[in-house]
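In what follows, chains carry the letters A, B, and so on, assigned in the order in which the sequence lines appear, proteins first and then strands, with residues in each chain numbered from 1.
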There are 2 protein chains.
Amino acid sequence: MSIRQDVHSSGIPVLCQSCEARHRGVCGALDADQLVGLAKTSSKHQVEAGVELVGDAETVGSYSNVLSGVVKLTKSLSDGRQQVVGLQFAPDFLGRPFKAESEINAEAATPVALCSFPKTVIERMMKESPGLEHRLLKQALNELDEARDWIVMLGRKSASEKVASFLVLIARNIDPAANASAPSASFDLPLTRSDIGDFLGLTTETVSRQLTRLRAERVIRIENNRHVIVDDMKRLEQRCGD
Amino acid sequence: MSIRQDVHSSGIPVLCQSCEARHRGVCGALDADQLVGLAKTSSKHQVEAGVELVGDAETVGSYSNVLSGVVKLTKSLSDGRQQVVGLQFAPDFLGRPFKAESEINAEAATPVALCSFPKTVIERMMKESPGLEHRLLKQALNELDEARDWIVMLGRKSASEKVASFLVLIARNIDPAANASAPSASFDLPLTRSDIGDFLGLTTETVSRQLTRLRAERVIRIENNRHVIVDDMKRLEQRCGD
DNA sequence: CGCGACATTGAGAAGGGTCAATCCCAGTGG
DNA sequence: CCACTGGGATTGACCCTTCTCAATGTCGCG
């Protein structure tokens, strides 16, 4: 069994050997040959927090897998008002197929590791391998579901419910131990207060006040302004409004 | 030319002959044989405004194309607060592949014509014909783009900007003459004031006040509470904030 | 005519926004 | 080692937009 496994995986590029995207991400839809083809033109990058990913020369004309860290997608109105429209965690696929310019900005919210490859290569593979398109469809539908939950949140929740919902979202995506059933969680916030505000449609000050309130009510503890500990996830979830 | 056309279309089911979904909708990805297969199990429905489409026996386990009218997708919080998370116009595809229950309610906002078919048939065809999956991916990505624009609107726009944006959206989707370049538009609102509120994250009263304001400023005219006339789309667009 | 659903309008309350002062803390350089 | 600096974060006071609650208006229809 393990021998067959080894034989099988011997055709997989070194670059991809330990890559999470090969399992849970889009690359899982590719066979060894395709992986080799893709790996030839792909490269891993490491960027620090704050770097623009889209509009930046490095990824124009290319797609990426997020290997670690958090990428923040934003849109702006003409007068500068900004809104975060999505967060991408590993092993999400980053990029908008079938469209030249996206009008969306992507920025590393934390230090981020990416595996990038030219648009053309992926688009060719999509034609050859329906499985890949299937994966992308699934991710798109998932993101659509998430976007719709976010719409409900923005449209109908109060400030304190928004902040609680945000913390739950982050806990679920960042703390590896915080599965649905885990009673507690502990994680670093990947965003500044003002980013969180841009995410929730609130101001920095309101986010701060709501965090203070949650802390005063002993729902969360905060260390170093960034690290959050939730002893009882249930209590936090009760404050999400849904 | 017209003869060849006729010969070619002779294989197309009567049901589909004049159907818009065959051109701009998902059925455009199917060849004549597949159309015949699909048409065998599909049927056109006409439902009146207010009918629940999902959760209702008629469409559980099935997908549909919207042929005419407007379908309203909503989600609710446990205490009853409601939010519209999407509107579907002809020839949109209605349904969420790869997921048993959607937690989303779909309701006819106006009288609606649908062409429905069992999930199983479409899902089989998706495996056979990559073109179909491609169409669905495109629609999903488009809806995702729209959802993100909506997120910006909900998170960052003022009540008056929201109402103006809503009117522009409807004008674009309902008034056949209102292409991007048309200077004026005229249409019936497919939603009640309170539905519009649920769409924009506002109350009925606020929607009403903003409409009154737009009318007072001669940006729009309203007849019979439902019919809206925009003489100068540019002026309306200027109030959208973007 | 009168009912019921939807829409408008008004007055008052409140949730968040705005502006400004202060705090906190990680670096940095003396 | 300590003071200084600068970028978040927090807190407070005040204000404004939007919500809430309630009254009134309008239209279609039996």
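- The phosphate of dT18(D) (OP1 or OP2) has no side-chain N or O of Thr203(B) nearer than 4.0 angstrom.
- One atom, NE2 of His227(A), and another, P of dG8(D), lie 21 Å apart when rounded to the nearest Å.
- No hydrogens or angles were tested; on distance alone, nothing pairs the side chain of Arg213(B) with the base of dT17(D) as donor and acceptor under 3.5 Å.
- Within 3.5 Å, no donor on the side chain of Arg193(A) pairs with an acceptor on the base of dG7(D), nor the reverse.
- Relative orientation of the Phe199(A) and Trp150(A) rings is perpendicular, given thresholds of 30° and 60° on the angle between their planes.
- Partner Asp231(A) forms a salt bridge (Lys or Arg N to Asp or Glu O under 4.0 Å) with one of Arg215(A), Arg218(A), Arg221(A) and no other, that one being Arg221(A).
- Partner of Lys72(B) under the side chain to side chain contact (heavy atoms under 4.5 Å, CB included) criterion, out of Asn105(B), Leu53(B), Leu191(B): Leu191(B) alone.
- Listed nucleotides: dT9(C), dG8(D), dT10(D). Nearest to the side chain of Arg215(A): dT10(D).
- With dA7(C), dA9(D), dT18(D) as the choices, the nucleotide that has an atom nearest any side-chain atom of Asn225(A) turns out to be dA9(D).
- Summarising the geometry, the separation between CG on Asn224(A) and C1' on dC24(C) is reported as 11 Å, rounded to the nearest angstrom.
- Atom CG in Leu200(B) sits about 12 Å away from atom P in dT18(D), given to the nearest Å.
- You'll find the ring centres of Tyr63(B) and Phe117(B) outside the 6.0 Å limit.
- Taking the side chain of Thr212(A) as heavy atoms from C-beta on, and the options dG16(C), dC6(C), dT10(D), the nearest nucleotide is dT10(D).
- Nucleotide dC6(C) holds its C1' atom 14 Å from the CG atom of Leu191(B), rounded to whole Å.
- A donor-acceptor contact under 3.5 Å is not formed by the side chain of Arg226(B) with the base of dT26(D).
- Nearest-nucleotide mapping onto DNA chain C: of Arg156(B) and Ser208(B), the residue sitting toward the 5' end is Ser208(B).
- Out of dG10(C), dA13(D), dC19(D), the shortest distance to the side chain of Glu205(B) is found at dG10(C).
- Judged purely by distance below 3.5 Å, without hydrogens or angles, the side chains of Ser116(B) and Ser64(B) pair a donor atom with an acceptor atom.
- Following rounding to the nearest Å, Ile222(A) (CD1) and dG8(D) (C1') show an atom-to-atom distance of 13 Å.
- If you find the closest nucleotide of DNA chain C to Gly201(A) and to Thr204(B), the one lying nearer the 5' end belongs to Thr204(B).
- In the set dA13(D), dT20(D), dG16(C), the nucleotide with an atom closest to the side chain of Arg209(A) is dA13(D).
- Taking atom CZ on Arg81(B) and atom C1' on dG15(C), their separation rounds to 13 Å, with Å as the unit.
- At whole-Å resolution of the value, CD in Glu223(A) and P in dC24(C) are 16 Å apart.
- In this structure, Asp198(B) atom CG and dC6(C) atom C1' are separated by 14 Å, rounded to whole Å.
- If you check every strand for non-hydrogen atoms under 4.0 Å, Leu211(A) touches nothing.
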